Each structure stands twice: as C-alpha cells, then as structure tokens.
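Worksheet for the structure shown next.
On a predicted model such as this, the values are computed, not experimentally measured, just so you know. Numbering of ligands and ligand atoms starts at 1, following listing order. Note that these values count all heavy atoms, side chains included, but never hydrogens, waters or copies made by symmetry.
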Amino acid sequence: MTHKPPLIGCTTYHKVADQNPPIEIYGLMPSYVRAIQAAGGIPILIPLGLNQAELQAIFDRIDGLLLPGGGDINPDNYRGDRQNPTLRDIDEQRDWVEIELVRQAVAQEKPVLAICRGLQIFNVALGGTLWEDVQSQMPQAIIHDYFHRDTRDYLAHPIEIRAGSRLHQTLQASSVRVNSLHHQGIRDLAPSLVASGVAPDQLVEAVEVPGHKYAIGVQWHPENLLEVAPVMRSLFTGLVTVASNGHH
Ligand code: MN
C-alpha cells in the first residue's frame, strides 16, 4: 500500500505590504509550514477571497486543517463590544472563512489543530465568547501579552493539563510551560468544547471536541517551540497522523 502524505490546509491573513505602490498579500508565517513539514504533512495555503463553493472544494480535498494565529476577531461574531479600544487587525473575510471551516471540520470529523487566534475562532464558531482584552477585563489575569516583551519562544507561564484529555494523551504531561503572545482569550467556553488546559489565572488555554478524532485548540504557539520544548512537536505529528489515516 502506498502511503500518501496528508494535505494540511492552513488559513491565511490579508496584509497590505508597505511598498510604493502598496501591494496586497495573502500570507502565513513559515514556522507553521515547517512544523507541518517536520511532522510529515504537506501544508496547503487556503487564500481569502473565495466563495462558499470554492472554499468547500478545498475543504473536501484536504485531510486536516490548521488555524494559525493572527489579529482579533470581529466582536459581532460573539456578541462582544465593537467599541473596545484594544481591538486590532479585524478581518471579516478571514473570520468568515475560518468559521465556515471550523464548523465543517467539527461536523465531518476532519482533524483540526487551532493555534492562538485559531483557538479563539474555534470557540467563537461553536458559540463561545471572548475577552476583548484579557489584561483589562479578566479578574486577576496574569500577563499573557509578551509580544513586545520577549522572543516568540519565551516560556512565559505554565499550563495545567486535564487528566484523561486528548491533549494529555498527546503531550504525555500533566503540565507544560508555554509561550504567551495573546491579548484576547476565551471568556465563555462553547457548549460543545471542553477545557483541556488552563493557565494559573484559570484562563482556558486549551480546548478539544470530546469524541472527535482530533480537534484541539491551544492558546500558545507550539510552532515556535519546536526547539525549546520538543514535546510540542507531538501536536503536529498528532494532527498529521490522524489526517493520514483518513485516506488510503
Ligand atoms: Mn497565555
């Protein structure tokens, strides 16, 4: 039996590059691409600007889905406060694409790994809500936004992992230290998700869909930790392994 490496669809951002004249870009940080490659998968970038039928055609062909980090989600998607002054980089097209893909992946049991903003859109797509800004809104919040404080692989705080969870099975640990590059976070967990990891301030930093083959969301950035915390590779090998079992 020949073994085909699975295709892992990755959503992308839209940016306007500061050139003269400015140019538009759909992009993805190479760290995600390399993490999927290292796990044996083939990354496929999913552009914005597709209609529903085109997006569906891509979804049907990919074996797994990766939702990367990025800007804030439009609060209209979770009955949040559009006026919050900390909101940045809202992209309604990207919100729509990712919400569609999350709902399909959950309904059709396609493997999905959701990272940072990915975890947040995962929660919102399934009916959960967010803190528009953890630091100013969540009682007793520790520091989570290390964007301008340290490098992307700085292990900022621990996570306690729920015994018996898929995350626990994947990482083989009951606690891990993680990087923290986010200012938003989960407020109300979506009804169909369970919390599999929490920070010391009780912020939910890992979620999963019980009974799903592989549907994990993490608030940290495992793609930046492959060297300093090699255990994080297992999140990608888990995704790729389950994705490769989907076709023969
Ligand atoms: Mn954090």
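Under a 4.0 Å N-O distance rule, the pair Asp89/Arg94 does not qualify as a salt bridge.
There is a side-chain donor-acceptor pair under 3.5 Å between His144 and Glu205. With no hydrogens or angles considered, a side-chain donor-acceptor pair links His183 and Asp72 at under 3.5 Å.
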Exercise for review: Could you check Glu100 against Gln52 for side chain to side chain donor-acceptor pair (under 3.5 Å), going step by step and ending with a plain yes or no?
Suggested key: CA-CA 9 Å; Glu100 288 286 315; Gln52 182 132 26; 2.7 Å; yes

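Nearest N/O/S atom of Glu205 with respect to the Mn ion (ligand 1) is recorded as OE2. Within His182, the N, O or S atom lying nearest to the Mn ion (ligand 1) carries the name NE2. Nearest N/O/S atom of His157 with respect to the Mn ion (ligand 1) is recorded as NE2. The name of the N, O or S atom in His144 nearest to the Mn ion (ligand 1) is ND1.
Coordination check, Asn179 versus the Mn ion (ligand 1): failed, since every N/O/S atom of the residue sits at 2.8 Å or beyond.
Proximity of Pro111 to Asp63: side-chain heavy atoms (C-beta onward) are nowhere separated by under 4.5 Å.
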